[in-house]
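Here's the structure, in C-alpha cells; my notes come after.
If you're wondering where the values come from, they're calculated on a predicted model, not measured in any experiment.
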Amino acid sequence: MKKKLSEKQLTFLSVIASFLIPFFVMCVIYKLRHIAPFGDTSILIWDSKLQYKDYFGYLWDVLHGKASLEYSASKSLGGQTIGLVTYYLTCPLNLLVYFFKKSQIALFLSLETLIKTAFGGLTAAYFVRKRYNVSALWSVILSVCYALMEYSVVYGRNLMWLDGVVILPIACLGVYELLYNNKKLMLFFGVFIAIFSNWYAGFMVCLMTGFYFLFELVLKYDFKDVANLKKTILSAFADAVKVGADMVLGVLASGALLVPALTSLVGGKAKLDLLHRTINMGLLETFKGFAINANFNDRTAPLLYCGSIMLVLSVYFLFCKKEDFKLRICSAVFQLRI
C-alpha cells in the first residue's frame, strides 16, 4: 500500500512544480522564437536594449573591480550612480552576472527573465497553499497562470518590475501570518526585499499589501455584531497598528538604499504629486484588459489577462452559493478596487 504524502510534502511538490512548469514553458517559447540561449535572437527591446544592457555591463565592471559602485565617469560628464544602482541593479539575482562574460550580458538578461518568471509561480504556489489550503493540483494551475500572466510577458522587458510579481505573494502571506499567527518576519522580509530589489516596484507591492490587509481584516472580524462592536473595532485597530508597524520597519530596514536613491532622483522618477488626480479609464473599460491581445502601453485598459481558467473561476466563485457570502462580497470589492 502506497504511503500517503503529508501536507508538507504536497506543498513542497506543488511549489517545485509551479517553478518548473513556467520555466519549461518559457524555455519552449525561447526555443520556438530562437531566443538566446536557444538561438541568436535577443530578448532585449526598447529600454532594455538601449539602457539596461549597458547598466548591467557597468554592474559587471563593478563586480570585477573595474568600476566604482558610487561614481562613474561614463555617466554624462561624470557623477554619482546611487540612483541608477538602486533602481535597476539591486536585485540579489543580478549578482549572478559575475559568472558571465561581459559579452554575454544579453544572454544573462534572457536567463534572468526566465528565472524570475518561474519564481513568480513558486511564490504564488506557496501563498495559495499556506493561505487557502488549496489542493496541490489546483495550486499549481493557479500559480502557473499567475507566473505567465500577460503583465509578466509584456513587462518582462523591464526586468526589475518582475521583482514585484515574485515578492507580492510573500508580502500578502505575511499579512495573513501576522493577523492570525502573530508571525512578523514574513511581512517584514517581504516589504524589505521588495524595496531593496527595486523601490518603484516595491512601492506597488506595499500599496497592494495594504489593500490586501483591509481584505483580510474584514474577513477576520464580524462587524455586524453590534453588542461587541467596540471590542471588535479596538481589536481591528490593534491589528492595523501591528501590520503598519511591521511594514514601516521593513521600509526603514531598506532605508540605507531607499533614502539615497530618492534623494538622488528628486525631480525624476521619484517625483510624487500627491494632489494630482487623473482617471485614465472608466470602470467598464478595464474589462478590455482581460483580452489575451490587450494593447500595452495604452492608458485605455490595464493588462489583466492571466488565463481563461482564472477568469472563468473568478466569475464562478462570485456566484457560487456554496462559498461564504461575506468572502464573495469582499473578493468582489477587492477585485474592483484593484
Side-chain angles (χ1 to χ4, degrees), residues 7-8 11-12 14-16 18-19 22 82 85-96 112-113 115-134 139 142-143 146-147 151-152 159-217 219-220 238-262 334 338:
E7 283 299 312
K8 287 186 177 181
T11 298
F12 176 78
S14 62
V15 165
I16 296 301
S18 297
F19 176 89
I82 186 66
V85 169
T86 54
Y87 186 76
Y88 298 101
L89 303 174
T90 49
C91 175
L93 286 177
N94 293 343
L95 297 176
L96 295 177
E112 189 174 12
T113 300
I115 292 171
K116 284 188 177 182
T117 301
F119 267 118
L122 185 150
T123 56
Y126 189 68
F127 167 75
V128 170
R129 283 286 294 174
K130 296 290 287 186
R131 170 58 185 93
Y132 294 104
N133 197 29
V134 176
S139 66
L142 297 175
S143 301
Y146 175 82
Y151 175 91
S152 297
L159 187 61
M160 59 282 179
W161 290 2
L162 293 182
D163 297 344
V165 176
V166 175
I167 300 167
L168 179 60
I170 299 298
C172 289
L173 183 58
V175 169
Y176 172 79
E177 291 288 355
L178 181 55
L179 286 179
Y180 289 92
N181 301 316
N182 201 32
K183 295 181 180 179
K184 305 177 180 65
L185 184 59
M186 185 172 291
L187 178 58
F188 169 84
F189 174 77
V191 172
F192 165 73
I193 197 64
I195 297 175
F196 182 89
S197 294
N198 178 260
W199 60 261
Y200 183 79
F203 171 76
M204 303 301 176
V205 169
C206 291
L207 189 63
M208 177 63 180
T209 302
F211 287 136
Y212 186 75
F213 160 70
L214 295 177
F215 171 78
E216 289 284 8
L217 192 70
L219 290 180
K220 181 178 180 180
D239 280 342
V241 171
K242 284 197 304 183
V243 171
D246 208 18
M247 292 185 69
V248 168
L249 288 175
V251 174
L252 292 177
S254 66
L257 282 177
L258 181 61
V259 173
L262 297 182
F334 182 65
I338 294 172

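Among all heavy-atom pairs drawn from F196 and T90, the shortest one is O-OG1, 2.6 Å. Contact detail for T117 and L162: the closest heavy-atom pair is OG1-CD1, 4.3 Å. Here the closest heavy-atom approach between residue A171 and residue V205 is recorded as CB-CG1, 4.0 Å. Across all non-hydrogen atoms, the minimal contact from S152 to V165 is OG-CG1, 3.9 Å. Across all non-hydrogen atoms, the minimal contact from M186 to I170 is CG-O, 3.5 Å. Taking each heavy atom of I167 and G190 in turn, the nearest pair found is CG2-O, 3.3 Å.
The pair E216-R131 counts as a salt bridge, with a side-chain nitrogen and a carboxylate oxygen less than 4.0 angstrom apart.
For A147, the side chain to side chain contact (heavy atoms under 4.5 Å, CB included) partners are P22, not counting sequence neighbours. In terms of the side chain to side chain contact (heavy atoms under 4.5 Å, CB included) criterion, residue partners of A118 (sequence neighbours excluded) are, by chain and number, F19, F23. K116 meets the side-chain hydrogen bond (donor to acceptor under 3.5 Å, both in side chains) test with D163; sequence neighbours excluded. Checked against side chain to side chain contact (heavy atoms under 4.5 Å, CB included), I16 has the following partners two or more places apart in sequence or in another chain: F12, L20. Partners of L95 by side chain to side chain contact (heavy atoms under 4.5 Å, CB included), not counting sequence neighbours, listed by chain and number: L63. Looking at residues two or more places apart in sequence or on another chain, you find no salt bridge (Lys or Arg N to Asp or Glu O under 4.0 Å) involving K183. Evaluation of the side-chain hydrogen bond (donor to acceptor under 3.5 Å, both in side chains) rule for T11 yields R129 as partners, not counting sequence neighbours. Residues passing the side-chain hydrogen bond (donor to acceptor under 3.5 Å, both in side chains) test with D239, sequence neighbours excluded: K220, Y221. Contacts of D246 classified as salt bridge (Lys or Arg N to Asp or Glu O under 4.0 Å), with partners at least two apart in sequence or in another chain: none.
For residues 248-259, no pair satisfies side-chain hydrogen bond (donor to acceptor under 3.5 Å, both in side chains), with sequence neighbours left out. Listed by first then second residue, pairs satisfying salt bridge (charged side-chain N to carboxylate O under 4.0 Å, His left out) with a partner in residues 187-197 number zero, not counting sequence neighbours.
A ring-centre distance under 6.0 Å is found for W161 and Y200.
The side-chain heavy atoms of L257 and W199, taken from C-beta on, include no pair separated by under 4.5 Å. By the 4.5 Å heavy-atom criterion applied to side chains, P92 and I193 are counted as neighbours. The shortest distance between side-chain heavy atoms of T209 and Y212 does not fall below 4.5 Å. Contact check for L168 versus Y146: side-chain heavy atoms found under the 4.5 Å cut-off. The shortest distance between side-chain heavy atoms of M160 and S197 does not fall below 4.5 Å. Residues K130 and Y126 are in side-chain contact: their nearest non-hydrogen atoms beyond the backbone lie under 4.5 Å apart. Looking at heavy atoms from C-beta onward, N198 lies out of side-chain contact with C91 at the 4.5 angstrom threshold.
Note that CG of L258 is 6.0 Å distant from CD1 of I195, once rounded to the nearest 0.5 Å. Rounded to the nearest 0.5 Å, atoms CE (M247) and CG (L187) are 6.0 Å apart.
Of the possible donor and acceptor atoms, one in the side chain of S143 sits under 3.5 Å from a partner among the backbone N and O of A125. The closest donor-acceptor contact from the side chain of T123 to the backbone of V166 lies under 3.5 Å.
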Tabulate below the donor-acceptor pairs under 3.5 Å that side-chain atoms of residues 172-182 make, not counting sequence neighbours, or state none.
from : atom 1 : to   : atom 2 : distance (Å)
E177 : OE1    : N181 : ND2    : 2.7
N182 : OD1    : K242 : NZ     : 3.4

